[in-house]
Amino acid sequence: MADIRNNFVGIKSPNPFWLASAPPTDKEYNVVRAFRAGWGGVVWKTLGEDPHVVNVNGPRYGAIWSGDRRLLGMNNIELITDRPLQTNLREIKRVKKEWPDRAMIVSLMVPCEEENWKSILKLVEETEADGIELNFGCPHGMSERGMGSAVGQVPEYIEMVVRWCKQNSRMPVITKLTPNITDIRKPARAARAGGTDAVSLINTINSITGVDLDSFAPEPTIDGKGSHGGYCGPAVKPIALNMVAEIARDTETAGLPISGIGGITTWRDAAEFLALGAGNVQVCTAAMTYGFKVVEEMIEGLKNWMDVKGHATLDDVIGRATPNISDWQYLNLNYVTKARINQDLCIQCGRCHIACEDTSHQAITAIVDGKRRFEVIEEECVGCNLCVNVCPVESCIDMVALEAGALDKRTGEKVDPTYANWTTHPNNPAARQAAE
Amino acid sequence: MAQGQFKDGIAAGRLSQAQYSENFSDLHPPLDRHEAVVEADRCYFCYDAPCLQACPTSIDIPMFIRQIATGNPLGSAKTIFDQNILGGMCARVCPTETLCEEVCVREVAEGKPVQIGRLQRYATDVAMEAGRQFYERAASSGKTVAVVGAGPAGLACAHRLAVSGHAVTLYEAKPKPGGLNEYGIAAYKTVDEFAQSEVDYVTAVGGISIEYGMALGRDIALAELAAKHDAVFLGMGLAGVNALRAEGEDASGVENAVEFIAGLRQADDLATIPVGRRVVVIGGGMTAIDAAIQSKLLGAEEVTICYRRGKEHMNASEYEQDLAASNGVVIRHWQQPKRVVAVNGTTVGIELEYTRLVEGKLVGTGEVVTLAADQVFKAIGQTFDAAPLNGSGNAIALEKGRIKVDEEGRTSMTKVWAGGDCIFGGDDLTVSAVAQGRDAAMSIDRALMG
Ligand SMILES: Cc1cc2nc3c(=O)[nH]c(=O)nc-3n(C[C@H](O)[C@H](O)[C@H](O)COP(=O)(O)OP(=O)(O)OC[C@H]3O[C@@H](n4cnc5c(N)ncnc54)[C@H](O)[C@@H]3O)c2cc1C
Ligand SMILES: Cc1cc2nc3c(=O)[nH]c(=O)nc-3n(C[C@H](O)[C@H](O)[C@H](O)COP(=O)(O)O)c2cc1C
Ligand code: SF4
């Protein structure tokens with residue numbers, strides 16, 4: 001049986017599934033329920049200074065759904081904890097004592113002055129928590145007050161605050177990054193320069209989930225007005241995966257532990273984050289959508305997959321996909337694929353045809369010998385994969401790689417067995433210059 | 001002797017009022033908004049969709065479903081009505097399992113088609129309940145057209161003509177419009193007087209006047225209509241009924257299924273409709289199924305359909321057969337009626353002869369079976385009654401007993417078009433009658449305005 005015990009920057013937990021800092025981790029009541037359900041750790045809802053902040057009293061969440069109302073993406077305009085600091089600290093201490101085998105991380109956000117950080121760090125140390133997470137990500141409300149993503153968007157501030165925390169505390173420091181930035185490597189490098197033990201990402205993405213077309217107000221709507229909120233849930237996973245991968249493969253941050261966050265809903269999502277280099281994962285929206293029990297599926301699913309594939313521990317999985325992330329310019333241009341439609345599985349919806357016909361390369365028939373039939377015209381197919389993506393039947397259309405030496409009917413040339421990329425391609429002006 | 005539900009012979013009031021209303025409630029209750037959106041989401045928006053090809057009126061099904069999915073049911077209704085102004089009734093009565101839903105790619109893929117009929121009902125209900133009219137009449141053409149018969153064919157034709165700016169007079173023999181929508185379709189398919197509301201909705205476009213109690217051939221002659229109007233459309237349906245050709249057919253207790261259903265459809269109180277304790281229905285089509293199921297729902301204890309060929313030859317779809325079976329109707333195949341058994345002129349049973357196919361021909365085997373029955377319904381097909389066309393000068397050409405038309409619906413007589421059940425070559429479905437009425441209207445319009 002696969003061993004999924006997790007050791008993240010020295011913080012141990014029975015599994016790699018932590019609850020991200022958010023409403024599920026705002027109170028002792030919730031966190032105890034989460035631990036009972038099996039979560040490996042929590043990042044407590046972000047603490048700030050007293051007097052505590054207040055939240056809006058109207059809707060604070062917006063969402064987008066699929067047709068059958070599966071929640072695809074959610075946003076929120078909630079701030080950090082709206083309970084007194086002492087109440088939270090007391091509860092954190094009590095829970096950690098009762099659940100010593102679970103990871104207890106405390107998320108923090110105070111104004112950008114060393115004194116403010118010093119004083120809260122001291123209070124947190126007294127709770128015996130395992131570590132702290134610096135919330136440089138909250139994109140709404142707190143950022144207007146010079147905190148959250150307002151810090152996370154300025155690498156120099158990140159480095160400065162991380163350094164204060166490392167100097168003033170014995171606890172491991174995880175720096176939580178905002179995705180609301182052009183190049184995620186910059187804040188990650190700054191955090192490393194400041195001495196952070198790890199980064200976690202992503203926090204939520206600036207967003208408006210919709211507009212009420214009767215009142216012309218953005219959603220969620222507070223008394224006729226709306227403010228951008230932070231986007232999370234399944235819809236953000238691809239963005240988060242890319243940002244994790246960018247940091248994992250950057251030479252300046254290589255080896256920096258990463259706690260992966262963003263849209264993780266199933267064991268498979270989690271495994272993908274681990275493969276791209278995350279040392280563990282954090283979850284928020286999936287728990288808020290389905291309750292804490294989802295972790296059972298995540299734990300069992302991950303173990304099952306590892307067993308089937310023969311991965312004994314998490315270390316056998318973490319970062320396994322990282323070496324396969326490449327710049328576009330190094331992709332092999334001599335790799336040629338063609339779509340192939342399995343006629344036995346085809347249900348004749350014709351979506352591949354119309355997608356390719358209207359928007360791509362006119363490479364799929366609609367009629368063959370007077371009959372409705374969808375076949376790939378290899379002379380036209382560029383191997384783009386669009387038809388695979390729009391086909392409603394799994395595995396009905398495959399992308400088949402042509403073997404070396406086989407004829408590519410589109411170009412009329414044989415597939416070259418050697419690897420060749422854009423850097424040396426004759427159409428690349430830079431390549432020509434280099435050659436000259 | 002048994003009383004109440006199990007009273008022998010033909011009797012009314014077998015059930016309680018509560019049972020009647022439960023038995024005759026909506027067969028497929030309407031989808032609510034959320035259900036409709038979820039179902040609509042299953043549609044793949046196929047290219048050159050097979051369902052659209054299978055619909056006799058060629059409704060743009062993927063488009064109307066997409067409009068439901070995007071929260072635009074009114075736009076969806078318009079997409080439907082553009083092709084089929086009786087889209088509301090068709091949504092209820094079409095045998096979708098042999099039309100659009102049969103070829104739905106999800107039927108092919110997983111045996112569960114998108115519920116096109118119920119989605120169509122959802123959208124048309126929204127528009128009709130809102131009283132939303134989508135069509136404005138073109139400027140008056142100054143032409144008038146006579147339409148004979150206010151059934152699906154006549155109504156669809158009248159609507160399209162009215163929209164095109166022509167003035168339409170509908171001549172209807174009966175006191176109510178709707179044709180078989182009003183008198184024939186099974187009660188549980190069209191509840192709450194829907195047939196009448198639909199006629200009101202269709203005629204609300206204006207330019208259509210209906211003259212009730214006006215029968216062609218009795219109150220008015222075809223030649224007269226042709227002289228009075230710029231064009232005539234015949235949508236008279238099928239007035240005749242095939243005979244059993246079985247001995248003793250005139251015993252009391254032997255009835256026409258269509259008349260029984262018409263009586264039931266017009267009843268204010270179902271408790272007044274008499275039905276046998278043991279009912280035998282002869283036939284294999286939709287009428288046989290409907291008569292059998294509704295007999296059962298009225299409280300008959302045993303209902304048996306006897307059909308002279310095999311299951312696979314029945315005109316009723318497999319879905320309809322299953323519906324009958326699930327209502328407790330027994331279907332017996334390969335049996336043809338030989339003799340109605342009567343005592344003192346009253347039916348007590350029916351003798352049937354077993355049949356089989358010999359070199360493609362149906363023959364009796366000589367073996368017989370007798371079923372107890374106090375009521376026997378004939379549902380072995382209807383026929384076109386050509387008599388009302390007489391006296392029209394040039395006789396209208398028929399083909400296999402029905403009116404012969406060309407691909408545009410023109411009859412052999414100038415100025416006269418026809419469509420619906422009364423023409424040869426159709427498939428005796430509401431939706432086909434609508435398509436033929438509509439297409440004839442367009443042909444008439446071209447002829448008048450050309
Ligand atoms: C019992 C039964 C159940 C059926 N169930 C279904 C079903 O579930 N689904 C389906 O798709 N189809 C069903 N059908 C078939 C469908 O009802 C017909 O195909 C459809 O109604 C044909 O339309 P129509 O306009 O041609 O004729 P009709 O609906 O028959 O309308 C003809 C109209 O013309 C009038 N008329 C007749 N003669 C004259 C005259 N001389 N002068 C003036 N007016 C006249 C009649 O009174 C009637 O109003 C069923 C048929 C029957 C009998
Ligand atoms: C309602 C809500 C409140 C949140 N509050 C915080 C917070 O106080 N501190 C923080 O670091 N992140 C906060 N987040 C962000 C989450 O911790 C997490 O980074 C984000 O939701 C992405 O993960 P997910 O897709 O699994 O939800 C919040 C998210 C939500 C939905
Ligand atoms: S892979 Fe792209 S080009 Fe080839 S058939 Fe599919 S959609 Fe067309």
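We name chains A, B, ... by the order of the sequence lines, and we start the count at 1 in each one.
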Give a yes or no on this: more than 12 heavy atoms of other residues, nucleotides or ligands lie within 6.0 Å of atom [atom1] of [X].
{"X": "K309(A)", "atom1": "NZ", "result": "no"}
{"X": "D192(B)", "atom1": "CG", "result": "no"}
{"X": "R309(B)", "atom1": "CZ", "result": "yes"}
{"X": "E22(B)", "atom1": "CD", "result": "no"}
{"X": "R372(A)", "atom1": "CZ", "result": "yes"}
{"X": "K189(B)", "atom1": "NZ", "result": "yes"}
{"X": "D223(A)", "atom1": "CG", "result": "no"}

Parallel, tilted or perpendicular: rings of F374(A) and Y47(B) (30°, 60°): perpendicular

Those residues of residues 56-69 of chain A, ordered by number, that approach chain B below 4.5 Å (heavy atom to heavy atom): G67(A), D68(A), R69(A)

Side chain to side chain, V108(B) and Q348(A), heavy atoms closer than 4.5 Å: no

Residue selection (most heavy-atom pairs with chain B, distance under 4.5 Å) from I354(A), V390(A), V393(A): I354(A)

Listed partners of Q83(B) passing side chain to side chain donor-acceptor pair (under 3.5 Å), at least two apart: none

Which portion of A69(B) sits near chain A, non-hydrogen atoms under 4.5 angstrom: neither

